[in-house]
Structure formats: structure tokens, C-alpha cells
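Report on one structure; see the data block that follows.
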Amino acid sequence: MLDIKYIIANQDIARKKTADRGAQFDFDGLMALDAERKKLQAKNDDLKSERNTVSKEIGKIRKDGGDISEIQEKMRIAGDEIDANDRILAEIQAKMEDMLLNLPNLVKDEVPVGKDETENVVSKTWGEPKKFSFEPKAHWDIAENLKILDFERGTKVAKSRFTAYMGMGAKLERALINFMLDTHAQRGYKEVLAPYLVNADAMRGTGQLPKFEEELFKCERDGLYLIPTAEVSVTNLYSGEIISETELPIRHCSYSACFRREAGSHGKDVRGLIRQHQFNKVELVKITAPEDSEAELAELLDSAENILRTLELPYRVMTLCSGDIGFSSAKTFDIEVWLPSANTYREISSCSTFTDYQARRASIRLRRKDGKKVEFAHTLNGSGLAIGRTLVAVLENYQNEDGSVTVPKALRPYLGGLEVITA
RNA sequence: GGAGUGGUGGCCGAGCUAGGCCGAAGGCGCUCGCCUGCUAAGCGAGUAUACGGCAUUAAACCGUAUCGAGGGUUCAAAUCCCUCCCACUCCGCCA
């Protein structure tokens, strides 16, 4: 959520940056509502003040045995007016709230302007795509030959886009999770394991609601949602809190299963592990003082890249343009890993700073050392990494001609020293 | 799921069946100052947030709101009534 005061003071910027995203918003309407709100509140506060004063007098007069009927009646009428005004105020505020919740974050100045993903910018490339002496197979073929992923049975017990990991598939997935958590922990990220089901407040806090309800699995009778990313539960652990400046930055790494309805992606990536309704992910989440968020984003990105470098998987980093960046984000880097079978890079991580956008929604604040000033913190998060897609990348990049898959050196300690996965 | 108890400021905890003098006693913690040959103790002061008035910012000041949330009664509610949410205890069930 953006600060209404900021919007009013910086209308031109807000309008331009919202347009850069390709988003529509009725700024005039919002500001008119705010002006109306201010006027009415000032008026009503005066009425309330009057009532409070008179009410105290009534108490005194009555104690002295004086007559209060006339003044009482006057206050009753004033009370009706106050109630009526309060109702109008509540309506205006609800309308403003609704508008603000649907207004995306402002992208940072350095974010390239562009209309969609075709205008994202490659900002870094690491490693060389491996040359194969044979035709590299797609991960679903590799996995089925090795009997480590069972797509049909996964579908049988749930529906399409659900997969069962079998034997070494399950072990490899678990090895990746542990490897990533351990690696991040060494860099100062504190591990957390948080709820997979969260309430609507949490979803609103990080920006999934109200706008992206169709993307979420919902447990209707309990009013709970399955998290699409650990970002939701971990960030909201601090909602409503005022954190001491000395405790920042907070850095967390968190494993979770993630659940996404993938509404509107019919027919896209229907085969294999790339786009699942349920997938595993290790997420990095940070809460920082505003002045530190930029440096922390760079560090976050490097932590995510570090996983791929350690696994020796070729990747590139994309700076998302204004038209492709996420709703709550102010700046996002996507990391894309090389997939030989597709002969292209595929997204495996998304690292963002949300500036104070989520913090304002979730009310995450910090108190400065001087003890007086309270302000909104900055939140950041990034995948470090998506486990399923990492498994895909490992299978494809480390595949051998005989159908076996070499285990990346960094993962061997997590698989009892195993060097090759064979059928 | 059944029965019961309870939700007050960073924490603990008064006040809630006599509704006004309660944004709320007291204690702890914390901050600043004083004092003390160290540590501890002692003394003094301060210690919520949001919105509005505020003129261009900030401070100060004033007003309003907030005692789990929402609604109601009343001139006036932490205090009375209703609904909901949450926590804890016991029973049942269960990894």
C-alpha cells in the first residue's frame, strides 16, 4: 500500500510510475475522497470535542442536583449528527482503503520501463551452457526412465499438475532443500518453519489479496488460504510489530511447500515439473531499515545466485521491466537457469524489494535508536531457490548419455556420497 | 467436538454490579540526568499509536480515536447489552 500523503505530494511521479506498469488507477477520485475525508473528520472531531466537554459538565451538574434535561436533549441531537458523520466517514475510508489495496507499488527509478517480459534486461550471465555429445533429454523423460518421478500417479491422487517423487527423486528433492537451507544459514540467514495455511490478513499484508484471490487455494470453511510462497507466512510473522532498529536487519530462510492455482496458465508447461500446483521452495525473507534495503537486495540476489554457482548450473540474471514486475514489488531480479532440453533459460528465482509497500499493509515498523521516531520498515524476499525447478535443472544439466544423472559435488554429502543416480 | 476461564499500554497487573474525576493506579523493563571508589542499590524525570488542526518541513502544542474486533444502550462506556475472533484449562479424538 502506498502512503496517501506521498501520493498527494507527488502526484506526477505516482501517475507516471503507475502508467509505466501499464496499470490503471483513479488518482483524482482517491484524492477527492481524501479531501472529503479530511474535511468531514475535522468537522466531526470538533463536534465530538464539544460533546466530550459537555458530557463532563453534565456529570458535575447532576452531582450538584442541577437540571440537565435541556442540555441532555441538545447533546442527543448532536450525537445523532456525529453518528451520521461517522458512518459517512467509514464509507469513505473503506472506499479509499479498497482503492489503495488495489494500487500497485511504485517501481524504483532505475527499473527499466517496458511493457512486458520481452523488455526485461539481461544484467548478468554466469557459466557456459554445457555442450552435449548427444541429444539432451527433457527432465520428464530422464525422470521416468530413472523411475524417480511419477506424474501419472501424482495426478491420480490429486489432479493434473501434481507429482509423486519416488525413491532417489524424493531423496534428491530433500537433499536440495537441506543443502540450500544450510548454505543460507552459513551466510547469516536464520531458519524458520512457518504455517502453510494463513488467514486473509496475512494474504493482504504481503499483497496476494484482495487482487489475486483466484491464484490461491482456499479452505473456505476455515477462512484460511494455502500459501503460494513462504514469503507470506514469514513476512507476516512480524505484522503489527514495531521492531527496534538494533534488531535489524532480520534475515530468514524458510523451506515450505507452495500452492498455486495457476489460473490462466492453461496449456502452459503442462508437462513435467516446471509448473505445479504444489511445489517446494526455500525462500529468503528480509526486514530492513529503509536505507539498507538496496544493499540487502544485492546480497539477497547473490545468496540465491550462490546456490546455482555452488551447484555449477549456468544462469543469467534479468532485471524485470516496469511492465513485468510484480504487483507489490519496487524492483525485481529474476534468476533464470539453463535448461538444455529447451535450449533456453527458465526462471528459478525472483528476488525483490518491496520498499515499504508490504510493511505499510502489514504494519511492520521500526523504532530508531533515539527511541522516538517510528517508521515503516522495508521488506524483501527471493527464492533461494525453487526446489522443483532446481531438480529439473540438475537432471537436465547433469544427464549422461546412458540415462544416468551425475550428482553435483555439492549435493553428494546430502546423499550419502552418491555420485551417480542410475536406474 | 463438549465444558469452563480469560483477553487492559514493551511486559506484569489494578480498575470492570454503584458508567463520568481512566489513555487508564501500581510494579517491572527501558531512556536520560544525579549520586556512589567497582558491581549492585538509591534519587529525579520521561516512556503508546494513528488521524486531524497546522500555515512549506520538523518540533512543540491542541483536538479526535484506540482497554481483542464489530455493533448497541447512554449526554457520557475499559466499565452495561449483543455478535464474532482469539488464548488458556479440563474431557474426547489424534501425529
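Values in this document were obtained by computation on a predicted structure and should not be read as measured data. Order of the sequence lines sets the chain letters (A, B, ...), proteins ahead of strands, with each chain counted from 1.
Nearest nucleotide to the A/K5 side chain, out of B/U49, B/C51, B/C75: B/C51. Distance from the side chain of A/Q41 is smallest to B/G63 among B/C75, B/U49, B/G63. Counting only heavy atoms from C-beta on, A/S49 has its side chain closest to B/G63 among B/G63, B/A65, B/G20. Of the candidates B/C75, B/C51, B/G53, B/G53 carries the atom nearest the A/K38 side chain, counting heavy atoms from C-beta on. Here B/C21 is the nucleotide among B/C21, B/C75, B/U64 with the atom lying nearest to any side-chain atom of A/K56. Comparing B/C51, B/G63, B/A50 by their closest approach to the side chain of A/R365 singles out B/A50. Distance from the side chain of A/R37 is smallest to B/C51 among B/C51, B/G20, B/U64. Listed nucleotides B/C21, B/G63, B/C75 differ in distance to A/R51; the shortest reach to its side chain belongs to B/C75. Side-chain atoms of A/D45 lie closest to B/U64 of the nucleotides B/C75, B/U64, B/C21. Listed candidates were B/U49, B/U64, B/C75. Nearest to the side chain of A/I242 is B/U49.
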Identify the pairs formed between an N or O of the protein and an N or O of nucleotides 54-56 of chain B at a distance under 3.5 Å, and give each distance.
none

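The structure places OG of A/S254 at 13.0 Å from OH of A/Y189, a figure rounded to the nearest 0.5 Å. Interatomic distance, A/I307 CD1 to A/L385 CG, rounded to the nearest 0.5 Å: 6.0 Å. One finds the CG atom of A/L320 at 11.5 Å from the CG atom of A/D116 (value rounded to the nearest 0.5 Å).
A salt bridge links A/R37 to A/D34: one of the charged nitrogens lies within less than 4.0 Å of a carboxylate oxygen. A salt bridge is absent between A/E375 and A/R367; no separation between the charged side-chain nitrogens and carboxylate oxygens falls under 4.0 Å.
For the pair A/K48 NZ and B/G20 P, the computed distance is 21 Å after rounding to whole Å. Between the CZ atom of A/R76 and the P atom of B/A76 there is a distance of 10 Å, given to the nearest Å. Taking atom CD on A/E97 and atom C1' on B/C51, their separation rounds to 14 Å, with Å as the unit.
By the rule that a glycosidic angle within 90° of 0 means syn, B/A18 counts as syn.
Taking the six-membered ring for Trp and the full ring otherwise, A/F217 and A/Y225 have centroids separated by 6.0 Å or more.
Across all strands shown, B/G42 pairs with B/C34; the Watson-Crick or G-U wobble distances both stay below 3.5 Å. When Watson-Crick and G-U wobble pairs are counted only if both distances are under 3.5 Å, B/C51 pairs with B/G63. For B/U89, the paired base is B/A3 (Watson-Crick or G-U wobble, both distances below 3.5 Å). Nucleotide B/G70: paired with B/C82 (Watson-Crick or G-U wobble, both distances less than 3.5 Å). Base pairing annotation: B/A25 forms no Watson-Crick or G-U wobble pair, as no partner gives both donor-acceptor distances under 3.5 Å. If you check B/G9 for Watson-Crick or wobble pairing at under 3.5 angstrom, you find it has no partner at all.
Of the possible polar contacts, none joining the A/Q358 side chain to the A/G205 backbone as a donor-acceptor pair under 3.5 Å is found.
With P as the reference atom, B/A87 and B/C75 are 38 Å apart, rounded to whole Å. The gap from the P atom of B/G68 to that of B/C62 amounts to 27 Å, rounded to the nearest Å. Nucleotides B/A95 and B/A78, compared at atom C1', are 42 Å apart to the nearest Å. Taking atom P in both B/C67 and B/G7, the straight-line distance is 14 Å, to the nearest Å.
Evaluated for a side chain to side chain contact (heavy atoms under 4.5 Å, CB included) with A/T206, the options A/V232, A/V285, A/V198 yield exactly one hit, A/V232.
The phosphate of B/C86 has neither OP1 nor OP2 within less than 4.0 Å of any side-chain N or O from A/N199.
Listed here is the closest heavy atom pair of A/Q276 and A/R161: OE1-O, 3.2 Å.
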